[in-house]
There are 2 protein chains.
Amino acid sequence: MKTKQNTLYVGSLAKGLRLLRAFDESHREMSLSELAARTGLDKSATQRLANTLHIEGMLDKDPGTRRFRPSHAWLEMAYAYYWSDPLVGQAMPKLINLSQELGETVNLAELSGDHIIYVSRLPCKRTYFAATVIGRRLPALSTSAGRAMLATLPEDEWRAAVDHWPIKPFTPSTTLDRDTIRASVEAAVHDGYAISKGQMILNEMAVATPILGPDGRACAAVQCSVSGHTWDRDRIAAEILPKLQDTANAISPSFLSPRGG
Amino acid sequence: MKTKQNTLYVGSLAKGLRLLRAFDESHREMSLSELAARTGLDKSATQRLANTLHIEGMLDKDPGTRRFRPSHAWLEMAYAYYWSDPLVGQAMPKLINLSQELGETVNLAELSGDHIIYVSRLPCKRTYFAATVIGRRLPALSTSAGRAMLATLPEDEWRAAVDHWPIKPFTPSTTLDRDTIRASVEAAVHDGYAISKGQMILNEMAVATPILGPDGRACAAVQCSVSGHTWDRDRIAAEILPKLQDTANAISPSFLSPRGG
DNA sequence: CATTAGGTATCATTATATAATATCTAACGC
DNA sequence: GCGTTAGATATTATATAATGATACCTAATG
């Protein structure tokens with residue numbers, strides 16, 4: 001913690017947050033030692049911080065195993081987030097309508113650095129658990145929503161993003177070649193929407209249209225996931241796209257400002 | 001902070017959490033002074049803590065207005081929670097099926113102290129925003145899910161709860177009389193499910209069945225919300241209840257342990 | 001242009017977090 | 001049944017790092 005030598009920086013708070021962030025899909029509950037190992041904090045610090053988080057109701061502790069895990073308070077944070085993001089309230093009723101009309105899974109995604117994050121999900125078909133969970137972050141370049149949003153940015157910006165933003169393989173068919181991704185974004189610039197196949201789940205197809213902010217830059221995207229076994233690009237463009245675009249346009253409100261740090 | 005004189009308690013971390021918890025449905029973004037006023041912390045402390053939270057990515061700061069609001073990290077916390085709660089993964093596919101079969105809004109609720117908390121929500125009909133947001137906490141006694149869960153506890157426990165747990169009015173028809181609530185829980189003990197009307201939203205009806213843990217105590221409930229204009233108790237019992245109970249039973253896994261502090 | 005409310009920066013002081021160590025607990029092997 | 005060990009919990013002297021008062025900006029407002 002020698003790097004953050006700033007009197008406006010409270011190290012203990014930052015360390016506490018590190019404990020919270022240590023939990024993810026592959027670290028669902030942890031013992032004191034595991035927490036210490038994973039955060040890089042020493043045993044004593046971990047003990048004090050975890051204890052504080054427990055007393056304050058942020059971590060549940062199994063009395064038997066003494067292992068810690070996220071408490072209900074973590075869901076309450078999502079609750080507060082939803083009220084703070086003006087886009088969600090605007091979008092929710094329209095997304096519900098859309099999912100009912102299509103009978104297919106509909107998602108709302110926002111740009112979060114070089115990733116997209118799923119803000120709202122309305123699953124209609126049985127699917128992988130990971131595809132139903134809000135708060136999931138994925139590399140923007142590997143998603144239809146990310147490409148659709150990028151396509152609304154000035155050309156130099158999106159080209160820089162295609163060149164530098166992270167990519168990683170999720171399925172054998174995840175596109176790792178940046179030229180292919182560039183072509184996909186180019187198409188999205190031209191068409192106003194993006195379609196992808198098998199990027200996150202084998203044989204899953206996704207189509208996304210941007211929700212434009214007042215400056216013409218996308219602040220979010222409406223996305224629809226369907227099975228590649230029963231759908232192809234043409235049918236998606238014919239049957240899903242029109243309603244998807246109507247929904248995205250209906251959400252785009254001129255008074256909304258993009259989120260920023 | 002003189003009360004928590006415990007060497008295993010890190011005051012700065014606890015104060016930071018107070019800032020986070022200051023945000024809710026009626027405090028969606030706050031200035032430094034508002035945060036200080038609302039948390040009771042002095043200006044300097046608020047400044048340092050808010051700054052730390054901002055640097056660590058937990059609070060977004062509008063460059064123009066200098067106001068703070070929850071960041072995407074708050075959604076990532078929900079993401080981690082979902083993976084940590086074994087019930088959710090178990091329930092999700094079954095809840096999706098149920099909502100598709102019924103064509104009505106389906107929720108998964110857990111007991112959280114004397115409140116219930118909505119863990120998963122699958123809205124099918126346009127409704128109030130508050131009725132679509134996960135992480136919402138409501139007094140257990142005022143909800144069908146809470147009553148259905150209470151009814152699975154030993155008699156002395158649920159009677160004590162009916163006598164002492166908090167109630168507050170949400171609509172003109174919210175039940176404030178504990179005798180009426182007691183009768184409702186008694187019915188749920190007998191029937192194995194609970195139906196309520198107009199507790200949270202005028203003319204909204206809800207039906208809930210408990211998900212039983214290995215000890216016979218409910219750890220959660222599956223709940224369905226419908227409009228009181230088109231549904232009545234008999235039709236709910238005839239058309240919704242059977243599928244609701246099947247779903248709840250299919251979720252109840254003997255190996256799951258209830259969450260606890 | 002003066003006023004002021006609110007945000008930002010500084011700094012001496014000591015309260016408060018630290019990390020090393022010791023103690024307790026329960027699971028495991030022999 | 002006993003010894004061993006890994007892990008959780010408690011204690012304490014020490015100095016770091018948080019504190020809060022104050023002063024300085026900045027940008028609205030009349």
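Below, chain A is the first sequence line, B the second, and so on; all start at residue 1.
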note: A:Tyr9, atom OH; C:dT8, atom P; distance rounded to Å ~ 18 Å
Cationic N near anionic O, under 4.0 Å, A:Glu76 to B:Arg21: no
Show the numbers, then the answer: is there a ring pair (Phe, Tyr, Trp, His ring centres under 6.0 Å) between A:Phe129 and B:Trp83? CA-CA 9 Å; A:Phe129 180 58; B:Trp83 287 99; 4.9 Å; yes
- Message: Suppose we call a contact any N or O donor and acceptor under 3.5 Å apart; does that hold for the side chain of B:Arg48 and the base of D:dG20?
- Response: yes
A:Arg38 atom CZ is separated from D:dG7 atom C1', nearest whole Å, by 20 Å
Ranking A:Gly64 and A:Asp42 by the position along DNA chain C of their nearest nucleotide, the one closer to 5' is A:Asp42
When rounded to whole Å, the CG to C1' distance for the pair B:Leu8 and C:dA19 reads 13 Å
A:Val10 has its side chain closest, among D:dT9, D:dA8, D:dT19, to D:dT19
For this session: Ignoring backbone atoms, establish whether A:Ser12 has a side-chain N or O less than 4.0 Å from OP1 or OP2 of C:dT16.
Result: no
- Is B:Glu157 paired with B:Arg217 through a side-chain N to carboxylate O contact shorter than 4.0 Å? yes
Rounded to whole Å, CG of A:Leu41 lies from C1' of C:dA17 at a distance of 13 Å
Atom NE2 of A:His54 and atom P of D:dA10 are separated, to the nearest Å, by 12 Å
Walking DNA chain C from its 5' end, the first of A:Arg66 and B:Thr65 to be reached, judged by nearest nucleotide, is B:Thr65
Atom CD of B:Gln47 and atom C1' of D:dA23 are separated, to the nearest Å, by 12 Å
DNA chain D nearest-nucleotide lookup for B:Leu49 and A:Arg67: closer to the 5′ end is A:Arg67
Practice task
Indicate, with a heavy-atom threshold strictly under 4.0 Å, whether A:Ser44 touches base, sugar-phosphate, or nothing.
Solution key: base
Rounded to whole Å, the CZ-C1' distance (B:Arg18 to D:dA18) equals 15 Å
Does OP1 or OP2 of D:dT19 have a side-chain N or O of B:Lys15 closer than 4.0 Å?
-> yes
In whole angstroms, the gap separating P of C:dA26 from CG of A:Asp62 amounts to 14 Å
#### Entry: Flag for B:Glu34-B:Ser31: side-chain donor and acceptor within less than 3.5 Å
yes
* What about B:Lys43: does its side chain form a donor-acceptor pair under 3.5 Å with the base of C:dG6? -> no
Sidechain-backbone polar pair: B:Arg67 side chain, B:Glu29 backbone, donor-acceptor under 3.5 Å
yes
